[in-house]
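What follows is a single structure, written as structure tokens, with notes after it.
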Amino acid sequence: MQKLTLFLLISSLLFALAYGYPQNHPTRPIRPSAADIAKCPHLSSVHIDDPDIPEWHPTPKNPLAGRAPFLINETTNYYEYHAHNSSGGAYKRSSCPALNALANRGYLPRSGKDITIMQFVRTIRMVYNFAEDNAFIVVLPAFAVNNMPSSINLDAFNAPNVQHVTNFPTSPCRSDIELGDNINLNRTLYKSFLSFSSDGETWTVEEMARHHHLRHNQSLALNPKFRFGNRDAFGTLAQYANLLAVLGRPGKHGPLTLHVSDVNTFMLKEDLPKDYMRRELPYYNVEASAYIDRMSAHIGFTIMRPLPEGDGTGKWKDVEPTQALGEKPCRKCRKGYAEEL
């Protein structure tokens, strides 16, 4: 481990010596991929080159990327919670606490209405440092299924027409749309998620995987229209991966340790945690895929890429086994949970 750290340190310093130590942290424009432009040609003009979105560069004092304090202007970006459809429908919210937190802080319009693609992408990058590929994976489908309008409301991310596209069954803390409210936090499910923290303070990646597997079996037992293809598996496990990437900070499980106290603020208040530290390196899809594959491997299945033809139907209707690796069947437990709900 010491040799690896020394190697990374030397490599970073050599990079810095070769390219200098930029002081102004130049930005890299955010652009949609060539594939996105091929599907939607008008996206070719989409880009961001904004000094408010810094790109990390190694310096002698900071040779390895980590997290930097994210300063919140409490005058303009004060916290103000609004539930979905509150004040007679004046406020819209989504099933995604990350987007809701941005609206509650005023980084997105507080009403949650009439938000453009680039408002989403710029804000996600500025606050969470979601890289362009991950940002467009999150945002673009909600526009695409609605024939690419100029703007959408936050509740477009959990509407019936985006199920299995950008909103998925077996969410960690929200019900399947077929079972009722898929927008607001389900506190029974959240309590279950908390119970998977073995120390009551943090989660490991494997603990998140085990919680997801319980959620899979719960939805399988309760949802009469349940299907769980490769896209569903990737999208659902990405919710855990995104929590880790956005909120993870140094702790007992390494530099990306997910802390219960941070997730409580994020999930229950839909706000940024106290003393939130923004990641310095952008969060690309390759990093998300590494966490997702680690969780699916722990359960005992592999997510197919590219998506197979007929994904979500036939042999691909449910890609996750009901019994995880090293797990004993527990039909009584799942039945008991169904009765509790």
Side-chain angles (χ1 to χ4, degrees), residues 1 4 8 33 35-36 65 96 98 124 128-141 164-173 193 196-198 202-220 226-259 263 279 281-327:
M1 185 65 183
L4 176 61
L8 292 173
S33 68
D36 290 333
C96 175
I124 291 171
Y128 299 131
N129 210 0
F130 254 59
E132 53 267 41
D133 59 349
N134 265 340
F136 277 99
I137 287 173
V138 171
V139 171
L140 191 58
H164 306 282
V165 178
T166 191
N167 191 273
F168 305 95
T170 76
S171 168
C173 304
F193 183 37
F196 276 73
S197 168
S198 58
T202 62
W203 287 276
T204 66
V205 174
E206 287 69 30
E207 286 169 346
M208 290 190 288
R210 289 194 289 273
H211 177 257
H212 158 72
H213 186 60
L214 173 68
R215 288 289 299 116
H216 167 272
N217 286 348
Q218 288 167 349
S219 288
L220 177 62
F226 181 76
R227 64 181 174 93
F228 197 71
N230 289 277
R231 183 194 295 273
D232 295 307
F234 188 90
T236 300
L237 289 174
Q239 296 178 55
Y240 296 90
N242 296 346
L243 275 177
L244 182 65
V246 169
L247 300 183
R249 54 184 172 86
K252 65 187 295 184
H253 306 303
L256 280 182
T257 297
L258 190 60
H259 293 76
V263 176
R279 56 182 294 138
L281 284 182
Y283 174 46
Y284 287 99
N285 183 252
V286 65
E287 182 181 346
S289 296
Y291 303 142
I292 290 167
D293 288 342
R294 180 174 165 183
M295 285 185 278
S296 64
H298 183 74
I299 295 167
F301 73 104
T302 301
I303 299 173
M304 297 289 292
R305 301 184 189 86
L307 295 176
E309 185 176 352
D311 185 46
T313 64
K315 68 176 182 178
W316 304 113
K317 184 176 181 180
D318 186 3
V319 300
E320 183 170 332
T322 56
Q323 185 174 340
L325 291 175
E327 178 187 57

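A distance-only check finds a donor-acceptor pair linking the side chain of Glu207 to the backbone of Ser198 [under 3.5 Å]. Side chain of Asn217 to backbone of Thr322: a donor-acceptor contact under 3.5 angstrom is found. Using modelled atom types, no side-chain atom of Arg279 and backbone atom of Asn129 make a donor-acceptor pair closer than 3.5 Å. Panel note: side chain Asn285, backbone Asp133; no donor-acceptor pair is recorded below 3.5 Å. Panel note: side chain Asn230, backbone Met304; a donor-acceptor pair is recorded below 3.5 Å. Of the possible polar contacts, one joining the Thr166 side chain to the Val138 backbone as a donor-acceptor pair under 3.5 Å is found.
Under the 4.5 Å side-chain criterion, counting only non-hydrogen atoms from C-beta, Glu320 is not in contact with Thr170. Counting heavy atoms from C-beta outward, Glu309 and Trp316 have side chains that stay 4.5 Å or more apart. Between Arg305 and Ser289, some side-chain heavy-atom pair lies under the 4.5 Å cut-off.
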**Request:** Decide yes or no on side-chain contact (heavy atoms from CB on, under 4.5 Å) for Tyr240 and His211, but give the supporting numbers first.
**Result:** CA-CA 10 Å; Tyr240 296 90; His211 177 257; 2.7 Å; yes

**Derivation and outcome, side-chain contact (heavy atoms from CB on, under 4.5 Å), residues Phe234 and Ser296** = CA-CA 9 Å; Phe234 188 90; Ser296 64; over 6 Å; no

**Request:** Give the C-alpha distance, both sets of side-chain angles, the deciding distance and a yes or no for side-chain contact (heavy atoms from CB on, under 4.5 Å) between Thr204 and His298.
**Result:** CA-CA 12 Å; Thr204 66; His298 183 74; over 6 Å; no

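When every heavy atom of Phe301 is checked against every heavy atom of Pro321, the shortest pair comes out as CB-CD, 3.8 Å. Of all heavy-atom pairs between Ile303 and Leu237, the closest is CD1-CD1, 4.2 Å. The shortest heavy-atom contact between Thr236 and Pro169 is OG1-O, 2.9 Å. The nearest pair of heavy atoms linking His212 to Phe228 is CE1-CZ, 3.6 Å. The two residues Ile124 and Val139 come nearest to each other via the heavy atoms CD1-CG2, 3.9 Å. Considering all non-hydrogen atoms of both residues, Pro250 and His259 come closest at O-CE1, 3.5 Å.
How far NE2 of His216 is from CZ of Phe226: 4.0 Å, rounded to the nearest 0.5 Å. Interatomic distance, Ile292 CD1 to Gln239 CD, rounded to the nearest 0.5 Å: 10.0 Å. Interatomic distance, Phe196 CZ to His213 NE2, rounded to the nearest 0.5 Å: 9.5 Å. We find the CZ-CD1 distance between Arg210 and Ile299 to be 10.0 Å, quoted to the nearest 0.5 Å. With rounding to the nearest 0.5 angstrom, the CG atom of Leu256 is 11.5 Å from the CZ atom of Arg249. Here the straight-line distance linking atom CZ of Arg227 with atom CG of Asp311 works out to 8.0 Å at 0.5 Å rounding.
Taking the six-membered ring for Trp and thresholds of 30 and 60 degrees, Phe193 and Trp203 have nearly parallel ring planes, at less than 30 degrees apart.
When only modelled atom types and interatomic distance are considered, Asn242 and Tyr128 share no side-chain donor-acceptor pair under 3.5 Å.
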